[in-house]
Participant: 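There's a structure below that I have some questions on.
Here is the naming used below: chain letters follow the sequence lines, and residue numbers restart at 1 for every chain.
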Amino acid sequence: MSWIREGELTIIERFCANIIKAGPMPKHVAFIMDGNRRYAQKCHVERQQGHSQGFDKLAQTLRWCLNLGIREVTVYAFSIENFKRSKEEVDGLMDLARQKFSRLLEEQENLKKHGVCIRVLGDLPLLPVDIQELIAQAVLATRNYNKCFLNVCFAYTSRHEISNAVREMAWGVEQGLLEP
Amino acid sequence: MSGASGLAWRALHALVRALLCLQRALLACLRGRAAAAAATSCALLAPAARALGFREARAAWRRRGPARGGAARGRQRWRADGRALRKLPVHVGLVVTEEEPSYADMASLVVWCMAVGISYVSVYDHNGIFKRNNSRLMDEILKQQQELLGLDCSKYTSEFANHDKNGQVLNCQSTLKVLSPEDGKADIVKAAQNFCQLVAQQQRTHSDLDVNMLDNLLSSTNGFPDPDLVLKFGPVDSTLGFLPWHIRLTEIISLPSHLNVSYEDFFSALHHYAACEQRWGK
């Protein structure tokens, strides 16, 4: 599966994993995807290549989480602040998202097999409509799976998230569903 | 935890802890040797000791207190230190994650912030100890202002009395806030409740609420800009509820402890901040 790299751990990796799993383990790990552009500069490749390789490394990391029994993973993939970047870079990141979410939808069987529930958090109306549709399909298709949870923060900032929550509460008050 | 894996985990854990203890002991030993060498001539070499940065010498100098003339010179030097940095934070948050806070050490940090020219300082601990004992902290700060900067604080006492309890003016240039967890999440909850009350009274609609409005509804840091820098003291890898809304773009620098912290440790953190690249998402 493109989002979670196929393949089991090597013998040494399995040995290390068993030792680590014997101690206290986090139930939920969040990853901030930082450093793609610095990596690209270091390897003398295009920024877009850096982002793409960043995704590949994420896929490998998700495999490790699965193997270590970490059932919930959150990924900060794209901040609202990142819209400030050049049009070229933002378009490139949107293309990458388009590619990856489309691929996700082609692998429904694998998602079902691993029981991965995909959630996407963020101010989605800020995204191109076709990406919103791909996201909606992925989220709906996996909403009943519950073996592990992957939260993708896309067009996300914590302030928007908090304001959104308060706005929804205020809507609830307007509708008479909640009392302040 | 049982079996071979469990034993291996315990062995690995013990090894890591031993290595960390060894590292800390080595660092302390190196510092101790350097400080012992300086302490013998610290009376004559106080300025030099300060420049070379020895903790014990500094503490002795701090307790004795320089003469008023000397303090004025010290004040100028501190201000020059601040100006020499590529960038100086406008608002520094001093976050203590240790269980037993020290008023004297926190007061030193606050006074150093003032001395280098930082306009807004906030002090935080997750138990709210500093907030509950605000007057004790203020007494200590006033004492150290006097000692280190030779500032005549009596003319500011009426300002302290009349100033609203949200912030205390330390001198013409700096303001201090003492914060606790109730200024964090609880303040966001209060703002949300207030807004929902307005909605219930039909003075607002839900779609009026955006990031800017919620920002304005928060009251814990009225008049203060968002923190540019948080200096976090102690072993806990968390800011433990310090102004979660306000620190979205804050640079967080960790120091091992606020107990017996030296000016050099403090200034080195400011130096680190001055050198950091901030892209703001760009």
Side-chain angles (χ1 to χ4, degrees), chain A residues 14-26 30 32-38 41 47 68-69 76-87 89-90 93 123 125-126 153 155-180, chain B residues 1-17 184-185 187-218 226 237-239 243-250 252 277-282:
Chain A
R14 242 181 293 154
F15 175 70
C16 294
N18 284 331
I19 295 176
I20 295 172
K21 279 201 276 191
M25 287 290 288
I32 300 173
M33 316 254 291
D34 192 30
N36 293 334
R37 294 180 296 177
R38 272 169 282 164
Q41 199 173 40
R47 279 185 170 183
L68 288 168
Y76 293 95
F78 190 86
S79 164
I80 294 177
E81 307 286 346
N82 295 147
F83 277 117
K84 292 184 218 164
R85 296 183 181 184
S86 68
K87 183 173 187 304
E89 188 170 348
V90 173
L93 287 163
D123 198 351
L126 292 174
C153 293
Y156 179 95
T157 66
S158 50
R159 284 193 181 186
H160 278 75
E161 187 71 9
I162 295 170
S163 314
N164 206 49
V166 177
R167 200 181 314 120
E168 286 192 12
M169 272 194 284
W171 177 85
V173 169
E174 255 173 31
Q175 301 294 315
L177 301 165
L178 291 172
E179 278 191 39
Chain B
M1 214 193 293
S2 62
S5 300
L7 279 170
W9 189 92
R10 268 190 269 252
L12 191 64
H13 194 232
L15 179 67
V16 168
R17 288 186 79 161
K185 277 194 199 174
D187 193 38
I188 300 174
V189 170
K190 241 186 287 161
Q193 277 176 324
N194 290 340
F195 182 76
C196 287
Q197 293 279 8
L198 293 174
V199 167
Q201 291 157 14
Q202 297 183 329
Q203 290 179 41
R204 287 264 187 277
T205 62
H206 77 278
S207 51
D208 289 338
L209 189 92
D210 58 8
V211 170
N212 286 329
M213 174 167 271
L214 190 51
D215 195 32
N216 291 329
L217 288 172
L218 294 171
D226 291 342
D237 284 326
S238 166
T239 49
L243 298 181
W245 174 270
H246 302 82
I247 57 172
R248 63 181 182 122
L249 295 172
T250 304
I252 300 172
E277 192 193 350
Q278 292 174 292
R279 292 188 291 272
W280 315 114
K282 231 176 140 187

Participant: Is it the side chain or the backbone of I20(A) that comes within 4.5 Å of chain B heavy atoms, both, or neither?
Facilitator: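 Answer is backbone: N, CA, C or O of I20(A) sit under 4.5 Å from chain B.
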Participant: If you count the non-hydrogen atoms of other residues, nucleotides and ligands that lie under 6.0 Å from CG in L249(B), is the total more than 12?
Facilitator: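 Yes - once you tally the heavy atoms of other residues, nucleotides and ligands closer than 6.0 Å, there are more than 12.
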Participant: Out of Q202(B), Q197(B), M213(B), R204(B), which one racks up the most heavy-atom pairs below 4.5 Å with chain A?
Facilitator: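 Of Q202(B), Q197(B), M213(B), R204(B), Q197(B) has the most heavy-atom pairs under 4.5 Å with chain A.
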Participant: Quick one: what part of D215(B) sits under 4.5 Å from any heavy atom of chain A, side chain, backbone, both or neither?
Facilitator: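 The answer is the side chain of D215(B).
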Participant: Can you tell me if Q203(B) has over 12 outside heavy atoms packed within less than 6.0 Å of its CD?
Facilitator: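 Correct, the count exceeds 12.
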Participant: Measure across W9(B) and P24(A) and return the closest heavy-atom pair with its distance rounded to 0.1 Å.
Facilitator: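 For W9(B) versus P24(A), the nearest heavy atoms are CZ2-CD, 3.2 Å.
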Participant: How far does CG of L7(B) sit from CD1 of I19(A), to the nearest 0.5 angstrom?
Facilitator: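 Going from CG on L7(B) over to CD1 on I19(A), the span is 10.5 Å.
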Participant: Which heavy atom of G281(B) sits nearest to which heavy atom of R85(A), and what is that distance?
Facilitator: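 Closest approach of G281(B) to R85(A), heavy atoms only: O-NE, 3.1 Å.
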Participant: Just by distance, do the side chain of R167(A) and the backbone of S207(B) share a donor-acceptor pair under 3.5 Å?
Facilitator: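 Checking the backbone N and O of S207(B) against the side chain of R167(A), no donor-acceptor pair under 3.5 Å is found.
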Participant: Answer with side chain, backbone, both or neither: which region of D34(A) has an atom nearer than 4.5 Å to a non-hydrogen atom of chain B?
Facilitator: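 D34(A) touches chain B through side-chain heavy atoms alone.
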Participant: Is the number of heavy atoms from other residues, nucleotides or ligands under 6.0 Å of Q201(B) CD greater than 12?
Facilitator: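 Result for CD/Q201(B): enclosed.
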Participant: Identify which part of T205(B) has an atom lying under 4.5 Å from any heavy atom of chain A, answering side chain, backbone, both or neither.
Facilitator: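 It is both, since atoms from each part get that close.
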Participant: So, for V173(A) and C196(B), which heavy atoms are closest and what is the spacing to 0.1 Å?
Facilitator: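 Smallest heavy-atom distance, with atoms named: CG1-O, 3.8 Å.
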Participant: NE2 of H206(B) to CE of M169(A): how many Å apart, nearest 0.5 Å?
Facilitator: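 Reported value, rounded in 0.5 Å steps: 13.0 Å.
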Participant: With only heavy atoms counted, which part of I188(B) is less than 4.5 Å from chain A, the side chain, the backbone, both or neither?
Facilitator: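 Answer is side chain: those atoms of I188(B) sit under 4.5 Å from chain A.
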Participant: Can you tell me if R279(B) has over 12 outside heavy atoms packed within less than 6.0 Å of its CZ?
Facilitator: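 Result for CZ/R279(B): enclosed.
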Participant: Between CD of E81(A) and NZ of K282(B), what distance do you get to the nearest 0.5 Å?
Facilitator: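 So the CD of E81(A) and the NZ of K282(B) are separated by 12.0 Å.
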Participant: I'd like to know whether CD of Q41(A) has more than 12 heavy-atom contacts from other residues, nucleotides or ligands below 6.0 angstrom.
Facilitator: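 No, not enclosed.
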Participant: Given a strict heavy-atom distance threshold of 4.5 Å, which part of L12(B) is in contact with chain A: side chain, backbone, both, or neither?
Facilitator: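 Contact with chain A involves the side chain of L12(B) alone.
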Participant: Between R159(A) (side chain only) and W245(B) (backbone N and O only), is there a donor and an acceptor less than 3.5 Å apart?
Facilitator: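 Confirmed, R159(A) side chain pairs with W245(B) backbone.
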